[in-house]
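I have placed the structure first, in the form of structure tokens, so that the comments after it can refer back to it.
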Amino acid sequence: MSTITDVPRTTDAARTLRAELVERAAALRPLIAANADATDRERAVPAGNIDALAQAGLLSLMRPARYGGLQTDVRTLLEVSREIGYACGSTAWLTSLLNANAWFVGLFPAQSQDDVWAHRPGARVAGVVTPSGTAHVVEGGYRVSGRWAPASGCTHADWAVLGVTRPDAEGTADAVGIVLAPMSELTVEDTWFVAGMRGTASNTLIGEDLFVPAHRFHSVPDAIEGRYATPFTDEALYRSPFVPTTALVLTGPQLGLAAAAVDLLITKAPQRGLTLTHYTVQAEAPTIQLAAAHAASHADSAQLHAYRAADDIDKAARTGEYPAYDTRARMRMDAGRAAVHAREAVRTVCSAQGASSFGDSNPLQRIWRDIETGSRHAVLSPEVAAEIYGTSLFGIRGTVSALV
């Protein structure tokens, strides 16, 4: 397997690299699918999955090329995580989040990036941007304490991005921020007991009076408006809009789950009868044919919304034009709609297949649990996204959430 270290300079080069990375992801699907039941049952993505992803370069999609990363774009991350999601929702979720948290680090000052990657270029980053910790100013930096959940990927991470508030800075752009801390200074509490996405091991990180140097703090209000601390302003990836990118990366695994569910229906329907009817096989029944059409259309709609937003994000990053509020609101709406359509695709398949969809031996029940859980992430919330977008259409801005 070849190793690509150069950064794509043109759209054509980016597409070529993307296609190769998606092929690498597809090649891993048999391994990841074979581990999917154990991942769910044991509440952890196995190290073998993570090692295979890393060796294929699929955990370096959002790491700067300066540290050996592939430094691709948001569309590439979506397509790769979709491919992995087809085999396992939890593994795809970690693929998305470990990459997304590397992107967060790429927004920080150069010294912060060096802290994470200069001596260990393959270091992985987990995190929770929700400001559930507190940072108090001390000489040279901050003292940080808090509990952060859900921290997807923390089992496989070396560093963490943590959301904090600063009481001393209330009313300023520094009142809410994200900080970087080594995982070695944090405690992991096993709290992730859930119906779906079990394997993500999205447990709780606990920090008590951690010292965080000043350069490892980044203002969230500044980030929302595209005022990033990185000095490497020629790197397009790290010009991507903060909130739309943060929300959209969560949709990739769901696109894969929806596609897998549709394919299961199309594969099984010609081989099974339709209970308590005269149809010899399900595929002959108009009800199943309509269900397949609706499910496939929902999966397609999810992908169209997600990829449109990704393409708009990547275009804005390439041109250096930070999207206006209303455009960002529409991007967040796209992410929310992608989640809804993907969820409806899986629901439609489950209804068509009946109660057998929920048998322990049927992979549909795991797909259903994973997407019902993942599609309700707070940053992705379709209902909040719709309210933000709806108010923006009437010229009303900033009344629903700061995360736009």
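Bear in mind that the values here come from a model prediction, so they are computed numbers and not experimental data.
Closest approach of Leu17 to Thr72, counting heavy atoms only: CD2-CG2, 3.7 Å. Here the shortest heavy-atom pairing between Ala310 and Leu248 reads N-CD2, 3.4 Å. Closest non-hydrogen pair, Arg328 versus Tyr322, comes out as NH1-CE2, 3.8 Å. Of all heavy-atom pairs spanning Leu78 and Ala306, the tightest one is CD1-O, 3.7 Å. Nearest heavy atoms, Ala14 versus Asp73: CB-OD2, 4.3 Å. A pairwise comparison of heavy atoms in Ser96 and Ser81 identifies OG-CB, 3.2 Å as the closest pair.
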Exercise. Apply side chain to side chain contact (heavy atoms under 4.5 Å, CB included) to the pair Trp159 and Asp115, showing each step before the final yes or no.
Key: CA-CA 10 Å; Trp159 285 77; Asp115 288 349; 4.0 Å; yes
Exercise. Please step through side chain to side chain contact (heavy atoms under 4.5 Å, CB included) for the pair Phe104 and Thr246, ending with a clear verdict.
Key: CA-CA 9 Å; Phe104 286 137; Thr246 302; 3.6 Å; yes
Exercise. In sequence, state the C-alpha distance, the side-chain angles, and the governing distance for Arg397 and Ser392, and then conclude on side chain to side chain donor-acceptor pair (under 3.5 Å).
Key: CA-CA 5 Å; Arg397 302 178 183 89; Ser392 78; over 6 Å; no
Quiz item: Between Val125 and Val116, is a side chain to side chain contact (heavy atoms under 4.5 Å, CB included) present by the stated rule, with each step listed?
Solution: CA-CA 9 Å; Val125 187; Val116 175; 4.1 Å; yes
Quiz item: Going through the checks in order, is the side chain to side chain contact (heavy atoms under 4.5 Å, CB included) test met by Lys315 and Glu321?
Solution: CA-CA 9 Å; Lys315 180 180 178 181; Glu321 297 178 7; over 6 Å; no
Quiz item: Does the ring pair (Phe, Tyr, Trp, His ring centres under 6.0 Å) test come out yes or no for Phe211 and Tyr142, once each step is laid out?
Solution: CA-CA 6 Å; Phe211 175 71; Tyr142 310 92; 8.5 Å; no
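Taking the six-membered ring where tryptophan is involved, the planes of His341 and His298 are tilted, since the angle between them lies from 30° to 60°. Between Trp117 and Tyr67, the ring planes are tilted. Angles from 30° to 60° get that label.
Remark: the Arg147 side chain and the Thr204 side chain contain no N/O donor-acceptor pair separated by less than 3.5 Å. With 3.5 Å as the limit, one finds a donor-acceptor pair spanning the side chains of Gln282 and Gln353. Trp192 and Thr200 share a side-chain donor-acceptor pair at under 3.5 Å. Checked by atom type, the side-chain pair Tyr86/Asp263 shows a donor-acceptor distance below 3.5 Å. Under 3.5 Å, the side chains of Thr134 and Arg143 contain no donor-acceptor pair of N or O atoms. No side-chain donor-acceptor contact under 3.5 Å links Asp114 and His119. Judged by distance alone, the side chains of Asn49 and Thr91 do bring a donor and an acceptor atom under 3.5 Å apart.
Looking only at distances, a side-chain donor or acceptor of Gln113 sits under 3.5 Å from a matching main-chain atom of Gly106. With hydrogens and angles disregarded, no donor-acceptor distance shorter than 3.5 Å links the side chain of Thr373 to the backbone of Asp370. Formation of a donor-acceptor pair under 3.5 Å by the Arg29 side chain with backbone atoms of Ala87 is not found in this model. Ser240 contributes no side-chain N or O that, together with a main-chain N or O of Ala317, makes up a donor-acceptor pair within less than 3.5 Å. The closest donor-acceptor contact from the side chain of Glu225 to the backbone of Pro221 lies at 3.5 Å or more, if one exists at all. Here the side chain of Arg239 pairs no donor or acceptor atom with the backbone of Gly226 at under 3.5 angstrom. When atom types are taken as modelled, the side chain of Thr267 and the backbone of Leu264 share no donor-acceptor pair closer than 3.5 angstrom. Side-chain atoms of Thr191 never come within 3.5 Å of backbone atoms of Asn203 as a donor-acceptor pair (strictly under, hydrogens ignored). A donor-acceptor contact shorter than 3.5 Å is absent between the side chain of Thr233 and the backbone of Thr230. Judged by distance alone, the side chain of Ser297 and the main-chain N or O of Ala293 form no donor-acceptor pair under 3.5 Å.
With a 4.5 Å cut-off on side-chain heavy atoms, Val45 and Thr155 do not count as touching. The side-chain heavy atoms of Glu79 and Glu83, taken from C-beta on, include no pair separated by under 4.5 Å. No side-chain heavy atom of Val243 sits under 4.5 Å from any side-chain heavy atom of Met331. Annotation: side chain of Pro131 is not in contact with side chain of Val164 (no heavy-atom distance under 4.5 Å). Put simply, the side chain of Val262 reaches to within 4.5 Å of the side chain of Ile266, judged on heavy atoms. Taking 4.5 Å as the limit, every side-chain heavy atom of Val404 sits out of range of all side-chain heavy atoms of Ile224. In this structure, Thr287 and Leu274 have side chains that are in contact, with non-hydrogen atoms separated by less than 4.5 Å. Side-chain atoms of Met197 and Ser202, non-hydrogen and from C-beta on, never get closer than 4.5 Å to each other.
Phe217 pairs in a side-chain contact (heavy atoms from CB on, under 4.5 Å) with only one of the listed residues (Val144, Asp174, Val212), which is Asp174. Partner of Val80 under the side-chain contact (heavy atoms from CB on, under 4.5 Å) criterion, out of Asn99, Leu59, Leu58: Leu58 alone. Between Asp312 and the options Arg75, Arg318, Arg330, a salt bridge (charged side-chain N to carboxylate O under 4.0 Å, His left out) holds for only Arg330. Checked against Asp40 for a side-chain hydrogen bond (donor to acceptor under 3.5 Å, both in side chains), the options Gln365, Arg369, Arg366 give a single hit: Arg369.
Under 4.0 Å is where a charged nitrogen must lie from a carboxylate oxygen, and between Asp334 and Arg308 at least one such pair does.
To the nearest 0.5 angstrom, Thr76 atom OG1 is 8.5 Å from Met62 atom CE. Taken to the nearest 0.5 Å, the SG atom of Cys154 stands 11.5 Å off from the CD atom of Glu189. Atom CG of Asn35 and atom CG of Leu28 lie 11.0 Å apart (nearest 0.5 Å). Note: Ser219 OG to Arg166 CZ = 9.0 Å, rounded to the nearest 0.5 Å. For the atom pair CG of Leu77 and CZ of Arg18, the computed distance is 11.0 Å after rounding to the nearest 0.5 Å.
Geometrically, Arg216 does not engage Phe108 in a cation-pi contact, judged by NZ or CZ lying under 6.0 Å from the ring centre and within 45° of the ring axis. A cation-pi arrangement, defined by a distance under 6.0 Å to the six-membered ring centre and an angle within 45 degrees of its axis, is absent between Arg332 and Tyr389. Arg43 forms a cation-pi arrangement with Phe193, by the criterion of a distance under 6.0 Å to the ring centre and an angle within 45° of the ring axis. Note that Arg66 lies in the cation-pi zone of Phe232, set by a 6.0 Å cut-off to the ring centre and a 45° limit from the axis.
Other residues, nucleotides and ligands contribute at most 12 non-hydrogen atoms within 6.0 Å of the CD atom of Glu170. No more than 12 heavy atoms of other residues, nucleotides or ligands shown are found within 6.0 angstrom of CG on Asp360.
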